[in-house]
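For reference, the structure discussed in these notes is given below.
Start at 1 with the first residue, then count along the sequence.
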Amino acid sequence: MSTPAGRTLWLVRHAPPQIAPGICYGRLDVAADPRATQQAAAALAAALPPAAQVLTSPAQRCTALAAALAELRPALAAQTDHALQELHFGTWEGQSWDTIGPVALDAWTADFAHHAPGGGETLAAMLQRVQAALARAGQAPCRDVVWITHAGVARCVHHLLRHPLPGDLHTLRIAATDWTWPAPAWGGWTVLALPPDAAV
């Protein structure tokens, strides 16, 4: 397979988190399965090119994968980038989706771009920080940029590469039913070509 022109972004998702199913955990610092983390690091170490810029979310489920990768490939030691964090769900974090309930969820999906779930972070704000991170990736010293991150960030990247943010964020409109962008499997990754001029 030929290498895409311009810079290449590796969107890597952390291994499965050690938390019960059905819990909203966005920014909660949940650990990932250690064995799955090591397996993901081994696969990633074998796949990555000789040189790459590696950035990681500060969440321990991501930094554990970054550390395991660096043990196998010391030249790929990661730097922490807070822009790669998952959406902040405010008071919802640690609660089950059933406890949060349909009324609160409906209020969020009715204004999906601008409503802050649980008083946390809006999708518009998250898109803005991910767009800034993409612009920095477009200026990276290495052709390959690796983000060890979360499903939400991966979905933001897919959206932004097709729909750059408007100059006035207040005009941003996103329907929750249209937010169907893919995310890598646990411990997996997606490789995307960034625009040569990073005009995202």
Side-chain angles (χ1 to χ4, degrees), residues 10-45 47 54-72 78 80-130 133 146-159 174-190:
W10 298 65
L11 286 171
V12 183
R13 189 179 182 186
H14 57 80
Q18 295 182 311
I19 192 169
I23 301 296
C24 173
Y25 60 90
R27 291 278 183 91
L28 285 184
D29 201 11
V30 180
D33 179 85
R35 182 178 178 184
T37 296
Q38 291 296 327
Q39 292 172 337
L44 187 60
V54 183
L55 302 171
T56 180
S57 159
Q60 65 172 309
R61 55 192 185 270
C62 295
T63 59
L65 177 52
L69 174 64
E71 287 182 3
L72 298 169
T80 300
D81 188 339
H82 288 264
L84 305 187
Q85 295 183 97
E86 185 58 277
L87 185 74
H88 197 316
F89 287 91
T91 59
W92 291 8
E93 303 215 348
Q95 297 191 56
S96 72
W97 291 106
D98 289 341
T99 299
I100 293 166
V103 173
L105 289 170
D106 287 348
W108 180 31
T109 57
D111 188 12
F112 196 57
H114 300 288
H115 183 86
E121 181 182 29
T122 67
L123 179 58
M126 184 180 186
L127 284 165
Q128 191 172 40
R129 63 176 163 86
V130 174
V146 182
W147 287 3
I148 300 177
T149 186
H150 309 269
V153 171
R155 293 186 176 108
C156 285
V157 170
H158 281 288
H159 179 85
I174 300 173
T177 52
D178 293 334
W179 193 255
T180 57
W181 304 108
W186 302 119
W189 60 84
T190 301

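Residues passing the side-chain contact (heavy atoms from CB on, under 4.5 Å) test with A104, sequence neighbours excluded: W92, I100. Residues satisfying the side-chain hydrogen bond (donor to acceptor under 3.5 Å, both in side chains) criterion with W10, sequence neighbours excluded, are D144. By the side-chain contact (heavy atoms from CB on, under 4.5 Å) test, A116 is found to be paired with T122, residues two or more places apart in sequence or in another chain being considered. With sequence neighbours left out, E121 forms a side-chain hydrogen bond (donor to acceptor under 3.5 Å, both in side chains) with R27, R129. With sequence neighbours left out, the side-chain contact (heavy atoms from CB on, under 4.5 Å) criterion links R61 to H14, P17, Y25, V30, A32, A59, E86, H150. For T91, there are no side-chain contact (heavy atoms from CB on, under 4.5 Å) partners, not counting sequence neighbours. The salt bridge (charged side-chain N to carboxylate O under 4.0 Å, His left out) test applied to D33 returns no partner, not counting sequence neighbours. Partners of F89 according to the ring pair (Phe, Tyr, Trp, His ring centres under 6.0 Å) rule, which considers only residues two or more places apart in sequence or in another chain, are W97, W108. Legend: residues meeting side-chain hydrogen bond (donor to acceptor under 3.5 Å, both in side chains) with H159, ordered by chain and number and at least two apart, are W181. For T99, the side-chain hydrogen bond (donor to acceptor under 3.5 Å, both in side chains) test picks out S96, with sequence neighbours left out.
Closest approach of A36 to P16, counting heavy atoms only: CB-CD, 3.7 Å. Across I174 and F112, no two heavy atoms sit closer than the pair O-CB, 3.4 Å.
If you take OG1 on T80 and CD1 on I148, they are separated by 10.0 Å, rounding to the nearest 0.5 Å.
The side-chain hydrogen bond (donor to acceptor under 3.5 Å, both in side chains) contacts involving residues 35-44 comprise nothing, where partners must be two or more places apart or lie in separate chains.
Put simply, the side chain of T149 gets close to the backbone of L84: a donor and an acceptor are under 3.5 Å apart.
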